[in-house]
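Start at 1 and go down the list; that is how both ligands and their atoms are numbered.
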Amino acid sequence: MNIYGQTLEELENYFATKNQKKFKAAQVYDWLYKKRVNSFHDMTNIKKEIIISLSQDFSIQKPKILQKQSGKDVHKYLLELNDNSKVEAVLMLHDYGNSLCISTQVGCNMGCAFCESGRQKKKRNLEADEMVSQILLIEKDLGLRISHIVLMGIGEPFDNYDNVIKFIQIINSNKGIDIGSRHITVSTCGIVPKIKQFARESLQVNLAISLHAPNDKLRSRLMKINKVYPLKDVIDAVKYYIAQTNRRVTFEYIMLKNVNDGFEEAEELAKLLKGLNAYVNLIPYNETSHIDFQKTSESHIMRFYDILKKNHINVTVRRKFGSEVAAACGQLRSSYEEGK
Ligand code: SAH
């Protein structure tokens, strides 16, 4: 087991089984996440015998930074995990804070037609510690603090549900990295039973749904998952989520030229989302060399935006980051693997 994958509660239970006081767990958290030591032996206020048992029971290893590309307000990392698997993380510097986009799986099985990550099938899930380490490594590398986390890197978070929940609990702990739940966003392609389960977790984190189309015919063409969980079921699950949590949901909508960006689609989308406590985030498509979709022009995106507005739908356009550093989800990893 890796120490960075332990929730505070699990670590408290660990100490209880060793006939030690619970508060030792908070002390270890303080060394790991406030003082940021890299070795159990640096935890100088903890007794020798406990250090020895910690080092026997846990590993404290982190992934390695393999490559880094930087552009204006964006740093993109290729990380190597302990079994040599590779994942990406992207840090974006916003005026409201530093936001890290992290990966949840090695590859992805969802197979969305426009997405680079899905070109490489899922090799395995990331463990909670491997998600936590992405934050620690990048904060150290850049000498800054990350204020926001988005689970929008490689992988489908709800296809790795338990580790993702654990990860959120670990980084949210005020004894640890202490990232506020309202600063954490989980994005899913629409795995309906998991959206409902997530609604019952009583976590105050944000939920984003990758919608990308306003009807089943088009959505099934773009996203295989829609054949398993069609739009009506996704919308019903979102309604359930809103009723349980009282939280607003984000719908992500990638703008693909002549595919889903017509004015009829804008009207249809407005009708679909009418009355929901939600907003739409229009995403300029990051073109990738392997996939044949093109991006919608900025002026056309604004016309699509205007139609949603006119229909009283809350809508924003995502600021574009990092096209100069191959920031489309999965691009850095594919180019690394294919260049070998
Ligand atoms: N599997 C999850 C999270 C990872 S993808 C999900 O589907 O939501 C994060 C977001 O990036 C999704 O909305 C996805 O559709 C979008 N995305 C994928 N490829 C993209 C590209 N080339 N340009 C812009 N957005 C992309």
Side-chain angles (χ1 to χ4, degrees), residues 74 76 87-90 92 99-122 125-126 131 134 148-161 163-164 167-168 184-192 194-195 198 205-213 218-219 221-226 228-229 234 237-238 249-257 259-261 278-296 298 301 316-335:
V74 55
K76 175 137 188 165
V87 292
E88 294 176 25
V90 183
M92 289 157 289
S99 171
L100 185 67
C101 175
I102 76 154
S103 294
T104 55
Q105 298 180 314
V106 181
C108 184
N109 279 345
M110 298 302 122
C112 298
F114 47 81
C115 181
E116 185 74 27
S117 301
R119 291 181 58 241
Q120 301 187 6
K121 286 274 156 284
K122 173 173 98 176
N125 286 328
L126 257 63
M131 297 183 239
Q134 295 181 45
H148 292 68
I149 296 293
V150 295
L151 277 70
M152 295 186 186
I154 298 171
E156 165 52 43
F158 284 173
D159 187 36
N160 185 13
Y161 189 86
N163 288 328
V164 162
F167 163 72
I168 293 171
I184 302 171
T185 302
V186 178
S187 176
T188 178
C189 63
I191 301 187
V192 163
K194 297 295 174 191
I195 295 173
F198 197 62
V205 305
N206 306 306
L207 177 66
I209 308 280
S210 294
L211 196 67
H212 307 329
L218 183 54
R219 193 164 191 267
R221 230 180 85 204
L222 297 175
M223 303 174 74
K224 271 195 327 204
I225 192 74
N226 195 66
V228 187
Y229 304 114
V234 174
V238 167
V249 168
T250 305
F251 287 102
E252 298 161 275
Y253 197 100
I254 299 185
M255 297 296 287
L256 301 166
K257 188 176 176 181
V259 175
N260 66 353
D261 66 350
Y279 80 95
V280 176
N281 195 204
L282 298 177
I283 307 178
Y285 182 58
N286 256 313
E287 290 179 2
T288 105
S289 49
H290 305 103
I291 302 173
D292 245 359
F293 291 106
Q294 289 167 322
K295 60 172 188 258
T296 304
E298 269 175 49
I301 293 180
T316 51
V317 179
R318 181 176 294 172
R319 185 178 153 201
K320 207 160 153 55
F321 271 102
S323 35
E324 75 273 26
V325 296
C329 191
Q331 265 179 300
L332 193 58
R333 175 167 175 259
S334 313
S335 64

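When the options Gln105, Glu156, Met223, His212 are ranked by their closest heavy atom to atom 14 (C) of ligand 1, first place goes to His212. Relative to atom 18 (C) of ligand 1, the option among Cys115, Ala208, Gly190 with the closest non-hydrogen atom is Cys115. Among Ser210, Pro284, Cys112, Ala113, the residue whose heavy atom lies nearest to atom 13 (O) of ligand 1 is Ser210. Of the listed options Thr288, Asn286, Asp159, Asn286 places a heavy atom closest to atom 23 (N) of ligand 1.
With sequence neighbours excluded, the residues that form a side chain to side chain contact (heavy atoms under 4.5 Å, CB included) with Thr185 are Val150, Met152, Asn206, Ala208. With sequence neighbours excluded, no residue satisfies salt bridge (Lys or Arg N to Asp or Glu O under 4.0 Å) with Lys295.
For ligand 1, the atoms sitting less than 4.0 Å from at least one non-hydrogen atom of Gly155 are 1 (N), 2 (C), 3 (C), 4 (C), numbered in the order shown with element in parentheses. Those atoms of ligand 1 that come under 4.0 Å of a heavy atom in Gly153, given as number and element, are 4 (C). Remark: ligand 1 atoms within the under-4.0 Å shell around heavy atoms of Cys189 are 6 (C), 7 (O), 8 (O).
Considering backbone and side-chain N/O atoms, Leu151 never comes within less than 3.5 Å of an N/O atom of ligand 1.
Between Leu222 atom CG and Cys189 atom SG the span is 12.5 Å, to the nearest 0.5 Å. Going from atom OG1 of Thr104 over to atom CZ of Phe167 covers 9.5 Å, rounded to the nearest 0.5 Å.
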Could you walk me through whether Ile195 and Ile209 pass side-chain contact (heavy atoms from CB on, under 4.5 Å), step by step?
CA-CA 9 Å; Ile195 295 173; Ile209 308 280; 3.8 Å; yes
Apply the test side-chain contact (heavy atoms from CB on, under 4.5 Å) to residues Lys76 and Glu88: give CA-CA distance (whole Å), side-chain angles for both, the deciding distance (0.1 Å), then the verdict.
CA-CA 7 Å; Lys76 175 137 188 165; Glu88 294 176 25; 2.6 Å; yes
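Residue-level proximity to ligand 1 for Ile291 is absent, since no heavy atom of it falls below 4.0 angstrom. At a heavy-atom cutoff of 4.0 Å, ligand 1 is contacted by the side chain of Ile254 but not by its backbone.
Side chains of Glu156 and Thr188: a donor-acceptor N/O pair is present below 3.5 angstrom, by distance only.
Not close to ligand 1: Cys108, with no non-hydrogen atom less than 4.0 angstrom away.
Taking 4.5 Å as the limit, every side-chain heavy atom of Val186 sits out of range of all side-chain heavy atoms of Lys194.
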